Structure formats: C-alpha cells, structure tokens
Chemist: 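Quick one: structure below, then a few questions.
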Amino acid sequence: MRSFKKHWQLYLLVLPPVLFFLIFKYYPMLNAVLAFKDYNVIKGIWGSPWVGMRNFRLFFENPIFWDLIKNTIFLSGYLLLAGFPIPLLLALMLNEVRSGKFKRLVQMVTFAPYFISTVVMVSMIMLFLAPRLGFVNVLLNNMGLDSINFLGEPGMFRSIYVWSDIWQTAGYTAVIYLAALSGIDPTLYEAAKVDGASRAQKIFHVDLPGILPTIVIVLILNVGNVMAIGFEKVYLLQNPLNLVNSEIISTYVYSIGLLNANYSFATAVGLFNSVINLILLVLVNSLAKRFSNNSLW
C-alpha cells in the first residue's frame, strides 16, 4: 500500500494492459472446460454434461492422429531449422556493411515483406506458381521444361510454405539481432582490432557472444511455437491435392470445430496442442538456463 500511494501513477499506467490480459487472455481459459464436456448449445458450456477424457480418447484413437502430429512437427521443424539461422546471418552481414546507404536499402527491401498481409502473400504465391500463367512456369517453359503444379504436389507444400515465410519475416527478425548488436561495447571491437582479429574472428568472438542472450530467447520462443504453427497461411495454401502434407492440427481444429460444429472435440484437440507447446517451452527454457545461463524466467 505504501508503494501504491507513492507510485500510483505508474500503477494506473500498468492497469489497462493488465486488464486486457485478464479479460481477453486469462478469462477465456476457463472455457477450456468445454474439452471435458459434450457441448449443448441450449445448456451452454457450464450446463453441458461432463464426459471426462472422452474427447481426448476420440482424438488419440483417430486414424488421422499421427498424420496430424507428423505434418505439424515436420512443417514446424523445417521452418525452425531453415528460418532460425537466416535472420541471424542477415543481421551479421548487415552489421559488417560500411556503406550506410546500401545498408539502409537492404534493410528496407528485406523488412518490407513483413507488412504484406497473409491473404495478399498467399495470393502472390498462387499467382507466381500458377500452372499455366505463373511466371515460374513461364520461365520453365522458356527453358524447354514442362509446367509444374507446385501447389498440387504434396511434397512441395512444406518448402513453399517455409521459404515464403522466411522471405516475409527474415528482415523483421534481423532487426532484433541488429538492435542487440548495436548494444555491444565498441571497445571490444577496438581490442579485437589491436589483437589483429579478422572480420570472421570478430563475428565469432565478439558479435555472437554479445548477442547470445537474444539468440537464446528467440530460439526458446520459436521452439515454444513448434506445435502452434500459423493457421491462416496453411489453410489458404491448402487444397485437396496437397492435403496429405498440409493438414495440421490447427486446420483440423477449424474443420472439426467450426465447419462440423463439434466444439467439444475441437476444444480438446486445441487444448492438447497448447499443453504440448507449454511442455516444450518449459523444457527448452530449462535447457537454455542450464547450458547458457539465459532464459525467459
């Protein structure tokens, strides 16, 4: 109370975001009880009959269960392995550029795609990769090769999703690393120069250790979202031809929960997905804290 009376302006400033999280983030978590009930529209969430773990058993016994897990992990793992190092490399290269104009130009070109909406991005992908009029197939035809239905090939779906996502987000993530690089003590570079260190040696012995906490935090957050890969882009790129590789947990929840109105089952699937994410986040955070002394908490 003494602190509140002395700093009441600061507490008042914090109140709106706290209320936002309480109302729109934590309060809706109470409705997760729907996963353990047989939802009835008339009786409502709390009045619907309790069925325990039945919805979870139905999901685990579903023949598509392992396909969903495999597709979700493969797509997320591919995105993590390919998408994590590229922004870091981009930031390290930009940090070595001495021409201010060229550096700003590259930053603008790589950062701009981040502002393209998901719908527009998917529309661009469809136009570029169209079997007949897409410029990629036009280029292949001019080279004497046959057209390829890229979005109709299940094996190409993951690569299309991952590399288009990298193109869209690499510049934004690189800004985070550039901000961390700007906080490194300049005297470390001067000492490395006096010792005769090359540019590569400066990167490995000054830059990387200096931004290691940022790298670890970004990695933890990325691993924590392995099972929560974005719904919108996958769903928009999805079609009956590539469904064998593009059906992931989030799109399955949408098709079961909203399209088929099976809300209890969809909530159970979504809750399972969230619990796995939480376990991964806690596990990776613990490992990072143990081996690098850097963690979220």
Side-chain angles (χ1 to χ4, degrees), residues 14 17-18 21 25-26 69 72-97 103 106-107 110-111 113-114 158 161-193 195 197-231 233 248-250 272-297:
V14 172
V18 170
F21 279 98
K25 300 295 183 179
Y26 287 95
I69 298 297
T72 304
I73 292 178
F74 279 10
L75 187 60
S76 300
Y78 187 178
L79 182 60
L80 179 64
L81 292 175
F84 178 74
I86 289 179
L88 177 59
L89 293 174
L90 177 62
L92 292 173
M93 289 189 292
L94 285 174
N95 191 55
E96 293 297 319
V97 174
K103 184 175 182 178
V106 174
Q107 282 185 282
T110 56
F111 191 78
Y114 180 77
R158 295 186 183 116
Y161 178 93
V162 168
W163 291 105
S164 62
D165 190 85
I166 292 173
W167 174 74
Q168 187 175 13
T169 61
Y172 172 80
T173 309
V175 171
I176 300 175
Y177 294 125
L178 284 171
L181 286 167
S182 66
I184 296 177
D185 189 352
T187 58
L188 295 176
Y189 292 107
E190 295 175 4
K193 185 176 181 181
D195 290 340
S198 62
R199 284 194 173 187
Q201 290 173 325
K202 289 179 183 178
I203 291 174
F204 283 104
H205 298 289
V206 179
D207 290 340
L208 289 178
I211 64 173
L212 182 61
T214 303
I215 296 173
V216 172
I217 296 300
V218 173
L219 179 61
I220 292 172
L221 294 175
N222 287 345
V223 174
N225 288 322
V226 163
M227 298 293 289
I229 193 166
F231 159 78
K233 188 175 178 182
I248 60 176
I249 292 178
S250 58
F272 164 79
N273 196 34
S274 300
V275 170
I276 296 300
N277 272 328
L278 178 60
I279 294 173
L280 288 173
L281 181 62
V282 173
L283 178 62
V284 174
N285 186 78
S286 301
L287 292 174
K289 188 174 182 178
R290 180 177 179 181
F291 292 106
S292 68
N293 294 321
N294 296 297
S295 61
L296 288 176
W297 64 84

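Small disclaimer: the values here were computed from a predicted structure and weren't measured. By convention here, the first residue in the shown sequence is residue 1.
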Chemist: May I ask you to test the Trp163-Ile86 pair for a side-chain heavy-atom distance under 4.5 Å?
Modeler: yes
Chemist: Looking only at heavy atoms, which two atoms of Lys233 and Ser164 are closest? And how far apart?
Modeler: NZ-OG, 2.6 Å
Chemist: Starting at CD1 of Ile249, measure out to CD1 of Ile276 and round the result to the nearest 0.5 Å.
Modeler: 8.0 Å
Chemist: Leu80 versus Leu219: any side-chain heavy-atom pair under 4.5 Å?
Modeler: yes
Chemist: Would you be so kind as to tabulate the donor-acceptor pairs closer than 3.5 Å made by side chains of residues 202-218, with sequence neighbours excluded?
Modeler:
from   : atom 1 : to     : atom 2 : distance (Å)
Asp207 : OD1    : Tyr189 : OH     : 2.3

Chemist: Return the NZ to CG distance between Lys193 and Leu188, rounded to the nearest 0.5 Å.
Modeler: 15.0 Å
Chemist: Any side-chain heavy atom of Val97 within less than 4.5 Å of one from Val106?
Modeler: no
Chemist: For Leu281, what residues pass the side-chain contact (heavy atoms from CB on, under 4.5 Å) criterion, not counting sequence neighbours?
Modeler: Ile220, Leu296, Trp297
Chemist: Rounded at 0.5 Å granularity, tell me how far CZ in Phe74 sits from CG in Leu79.
Modeler: 15.0 Å
Chemist: Can any side-chain N or O of Ser292 pair as donor or acceptor with the backbone N or O of Lys289 at less than 3.5 Å?
Modeler: no
Chemist: Restricting to non-hydrogen atoms, name the atom on Leu94 and the atom on Lys103 that form the minimum distance, rounded to 0.1 Å.
Modeler: O-CE, 3.3 Å
Chemist: How long is the straight-line distance from CG of Asp185 back to CD of Glu190, given to the nearest 0.5 Å?
Modeler: 8.5 Å
Chemist: Considering non-hydrogen atoms only, spot the tightest contact between Ser295 and Asn285 and give its length.
Modeler: CB-OD1, 3.2 Å
Chemist: Can I get a per-line list of side-chain donor-acceptor pairs under 3.5 Å for residues 169-182, giving both atom names and the distance, sequence neighbours left out?
Modeler:
from   : atom 1 : to     : atom 2 : distance (Å)
Thr169 : OG1    : Asp165 : O      : 2.8
Thr173 : OG1    : Thr169 : O      : 3.2
Ser182 : OG     : Ala179 : O      : 2.5

